[in-house]
Every structure is written in C-alpha cells, then in structure tokens.
Engineer: 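Dropping a structure here in structure tokens format, bear with me for questions.
To find a chain, count down the sequence lines: A is the first, B the second, and so on, and within it residues start at 1.
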Number of protein chains: 4
Amino acid sequence: MTDLSLDRARGILDAALTAAHDAEVSFSIAVVDAGGHLKAFLSQDGAPLASIDIALRKARTAQLFKTPTGTLGQYSQPGGALYNIELTNGGLVTFPGGVPLMAGTTLLGAIGVSGGLNEQDLSIATAGAAAL
Amino acid sequence: MTDLSLDRARGILDAALTAAHDAEVSFSIAVVDAGGHLKAFLSQDGAPLASIDIALRKARTAQLFKTPTGTLGQYSQPGGALYNIELTNGGLVTFPGGVPLMAGTTLLGAIGVSGGLNEQDLSIATAGAAAL
Amino acid sequence: MTDLSLDRARGILDAALTAAHDAEVSFSIAVVDAGGHLKAFLSQDGAPLASIDIALRKARTAQLFKTPTGTLGQYSQPGGALYNIELTNGGLVTFPGGVPLMAGTTLLGAIGVSGGLNEQDLSIATAGAAAL
Amino acid sequence: MTDLSLDRARGILDAALTAAHDAEVSFSIAVVDAGGHLKAFLSQDGAPLASIDIALRKARTAQLFKTPTGTLGQYSQPGGALYNIELTNGGLVTFPGGVPLMAGTTLLGAIGVSGGLNEQDLSIATAGAAAL
C-alpha cells in the first residue's frame, strides 16, 4: 500500500497546481495510495469548502474501482447497471475529476480534483496523473 | 469564524419568523457561520420533526457552496454534472430553502429553512437573509 | 414531543443568557424537547467552536436519562456501574452542564450549556431551567 | 475561512518535515484552517496508516478548543472535569501532537502530527507552528 512515495505524490500535486494556474477558480486536490489512504492534499485559497470532501471522495472512488470517476458515473444513472452505487463504500462520487494512478496494470493510487467545472477538474487530475 | 455575530443571527431568525407568520404551516430555521458551525436555531411549534435536520443541512449546503441549495439541485439530477453530490460532505440537501449570507463577495454564513413547500421555505430564507 | 413551546424555549435561552452575562467566557446553549429534538439554540460570539456539539450532546444526554449530566458522570467512571456509557446513543456527555426540564415528574425537554468551567456551565443551565 | 493561506500551510508542512528529518520513524502531518477544514496534508513513507486519521483529528481537536491536544488530555482522564470528551465533535484526540496556529489571540488554524512518540509528535507540531 506504500508503493506511492511522498516524493511522487508531491510531484503529482505540483503538476496539478501548474495545470490549475490559468483557471479563474480554485481547487482542492487529493492524492491517495493504492489502499485509499490519504498521502498528500492541498486546498487552494478561495476553493469552495465543499470541494475538500469531494476531492477526497473522487480520489478514493477512482482508487476503489481503478477507474476514472466519470466512467463510473455512466453506469450509476437511474436504470443503469450500477444505479446508486454512490451509496456504497461510505459515499462515492461518480462525476469527473477522479483518476487512478497506474503503473502499467498496477494501481499505485489515485488523484481527485474538485472546485471547477467537471471538465476543468478532470483536466487538472489528468495533468497530475501524467506526472507520475 | 465569528464574522456573523449572534445579534445578527438572531435578527435573521426574527425576520424569518415574521415572514413565516402568515403561513399555515410551521418551520425550522437554522443559521450557520462562514465555517458551517451552528450559530442560532429555532423550530416552530408543530413543525415536522424531520424539518430540524433538513433546515440544518440546507444551511450547511448553502454555506459549503456559497450557493442557494435549489441552484445546486439543478445540477444534481440524474444525468446532471453533479449527480448524487448530496452524498458528499456528510449529507447535503439540494432542494430550495438554503441561502448563503453574503457581504458583497464575502461569505458570512447561511440560513436554512424547512417545513413548508419549497417556495415557502425559500421565501422565508430569503426574507431572513435580507435582514443581514 | 411538542410539549415544550418555542416561546418557552426562547425564554429559557434568554434566562441562560442573562445568567451568562457576568462570565468572562462565552457559551453555546441548546434546548431540546422531550424527544431530544432540537428546539432552540444559540452560540455566543467567541464561544469555542467545540462547545456547539458539546452543548447539543449535554442537552440530549440529560433528556435521554431525565438526569443532570454530572450525576450520570458519577456512575460512568472506570469501575462504575455505567462505565463508558458515553459510547451509547450516538455519543453522550457526562460532565456537568446538561439539565432536564421537568414539569413535576413529566419530562418536557432539556438544556445543555458548554463553553466555561463545569460549574459555570451547570450554573447557567440551572438558571435557564428555572425559567420554565 | 481563508485566513490561513496555502503558501503558509505548505511552509508549516515543510518546517515540520525538516524537524522530522532526524527521527527514526515517519509521520503524518495535517494543517487545518480556523474552521477546521483541511488545508494541506502529507504522510511520510512508512508512517503507520493509523497516523493519517490521528493527525487529522489532532489538528481538528486543537482548532476546536484553541488549545494543544495534550493540555485537553489532562482534563479528560477518569475523574477529570472533561472525562470522555473525546466522544464529542465526531471523535477527538487528547494526547499530544495537535497545536493551534495563533496570530496573537486570533486562531488561524491548527497542525496535527502523528506517527512517533507523543513528545516527538508534539516537537514536530511545535516546529511547524513556529514557521507561521
């Protein structure tokens, strides 16, 4: 569960911060390890307070399913195969902004971003994950 | 965390009570500070007991997002950008009746009202907020 | 469960505030009905944020047991008859500051006060209860 | 709620990391703002996974009471004035390692450290707080 070093986690946060630099809003960004345990976190000044919990849950959701949160959301709608799966595992988030951190097929952890539009959150999470 | 004084919070409650005076139903009304901490609360005689928790959550939801709860609800529907966001942050409410208390662009807290129809709850919350 | 009117609850809060007037610290004060449902609440400016939850729990503890919280605490110590009873009912508080509101032998509700020394909290809760 | 800037929070984390450099164990370190909302966090490689939650709770406990967690623990022992207060506010920690971040008499937030002996955790938290 400690495959993701703190150095790497901080590098991921820094890459996400760089990607967030030109946005006109502020973000909370969480990195969890392969076991879903919080490794590193920051919340930019002015980020909505609600974004803290949502970033944490996006990271944990992506880690639990080894899948981007938005992909999971395609199946959790009414009538979908995973309807209301958000109610499991202590509360999940299935809109975009959570991305697994993979080394090949091995899960190292996940990043979750919240504070902007879904596409902004996803873009920043993807930039962070690319720094792995 | 004490930007919202107790005097102001009680004034907001009184204004909301005045607005509720002509309704044929009873309400619970909660005021939280900028950090989401409960500042003042009352539940009118005959208000549904369920309205207590709902008023508290409406206030906290409006505070966490700096947004009226009903606005958030437009995005949390099935297929929406924030589907099932109600499951985050310990449980949110996204139908109308929660309104942020703003001084310009600065969040001072929020008011949450429950007990009547959505439009009644919102009308009373708005009247309370106007007393700020 | 609605035996305790809002008028009475607000009178209890006002009496408690008057009793708190000469203290050099600030308090949170909660009044619950006979069912433990929150009826009225306020937190004075400068009260420790921790006092909010503690006042609510003191009120609910006194209501659940029809007993002052400090009395319960005499039995919840290590080796006592009710050791660790604080772990039940969602989390209780068994140090002083919670007092039941009685009409003869009928429970109408309870008041909980937090923010000062135990004796201060109890004194203010008692003054509030006397206004019933 | 944004009194504690991210720059300052990261400076506090860095100062704590420097202080932790010579320890033979690893630590989790959390910084919360004045409202108890998570601002920045890291967990060193090899830190016990349990230290993550404990660091978060130490920070929040120090913030809620504007007091070092160890001081609170002096009063929460069996027979003490605040026995079992740990059960309030969603779960507190009252052994050393949580320290409020003060600007004079104004609370800006708190730091919580876990992973070592109490005196190590406290020493690192104090070094972090000194960087404010």
Side-chain angles (χ1 to χ4, degrees), chain C residues 24-28 30 43-62 64 68-98 112-123, chain D residues 1-4 30-39 53 56-95 98-112:
Chain C
E24 75 287 4
V25 292
S26 299
F27 300 88
S28 292
S43 184
Q44 289 187 294
D45 301 332
L49 291 174
S51 68
I52 299 170
D53 184 67
I54 297 173
L56 292 165
R57 289 180 191 275
K58 284 182 177 176
R60 206 166 51 82
T61 301
L64 282 165
T69 53
T71 302
L72 196 63
Q74 298 172 17
Y75 301 95
S76 67
Q77 302 296 321
L82 303 177
Y83 176 50
N84 262 347
I85 197 166
E86 295 89 351
L87 292 162
T88 67
N89 287 281
L92 302 173
V93 173
T94 62
F95 42 89
V113 177
S114 177
L117 299 173
N118 282 349
E119 49 265 45
Q120 289 176 303
D121 293 346
L122 176 56
S123 168
Chain D
M1 220 61 46
T2 54
D3 297 336
L4 187 70
V31 175
V32 299
D33 71 11
H37 309 285
L38 189 61
K39 191 70 187 172
D53 185 63
L56 292 166
R57 289 180 192 275
K58 283 182 178 176
R60 207 167 51 84
T61 301
Q63 170 263 329
L64 281 165
F65 291 89
K66 297 189 190 183
T67 302
T69 52
T71 302
L72 195 63
Q74 298 173 16
Y75 300 96
S76 67
Q77 303 299 318
L82 304 178
Y83 177 51
N84 263 346
I85 197 170
E86 294 86 355
L87 296 163
T88 69
N89 285 283
L92 302 173
V93 173
T94 63
F95 42 89
V99 174
L101 301 168
M102 307 295 296
T105 59
T106 301
L107 181 75
L108 295 187
I111 180 172

Engineer: Applying side chain to side chain contact (heavy atoms under 4.5 Å, CB included), run through D:M102 and D:L107 and close with a yes or a no.
Structural biologist: CA-CA 5 Å; D:M102 307 295 296; D:L107 181 75; 3.6 Å; yes
Engineer: Side chain to side chain contact (heavy atoms under 4.5 Å, CB included), that's the test. Do D:F65 and D:L92 meet it? Break it down for me.
Structural biologist: CA-CA 11 Å; D:F65 291 89; D:L92 302 173; 3.5 Å; yes
Engineer: Which atoms of C:I52 are under 4.5 Å from chain D, going by heavy atoms: the side chain, the backbone, both sets, or neither?
Structural biologist: neither
Engineer: What part of D:I85 lies closer than 4.5 angstrom to a heavy atom of chain C: side chain, backbone, both or neither?
Structural biologist: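 Contact with chain C is through both the backbone and side chain of D:I85.
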Engineer: Using a cut-off of under 4.5 Å on heavy-atom pairs, state which of C:P48, C:G91, C:G79, C:P78 scores highest against chain D.
Structural biologist: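 It is C:P78.
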Engineer: Please classify the contact of C:S76 with chain D as side chain, backbone, both or neither, using a heavy-atom distance under 4.5 Å.
Structural biologist: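 When you check distances to chain D, atoms from both the backbone and side chain of C:S76 fall under 4.5 Å.
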Engineer: State, without any angle test, whether C:S51 and C:S114 hold a side-chain donor-acceptor pair at a distance under 3.5 Å.
Structural biologist: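 There is no such pair between these side chains.
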Engineer: Tell me, do C:L82 and C:T94 make a side-chain contact under 4.5 Å, heavy atoms counted?
Structural biologist: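 Answer no - side chains too far apart.
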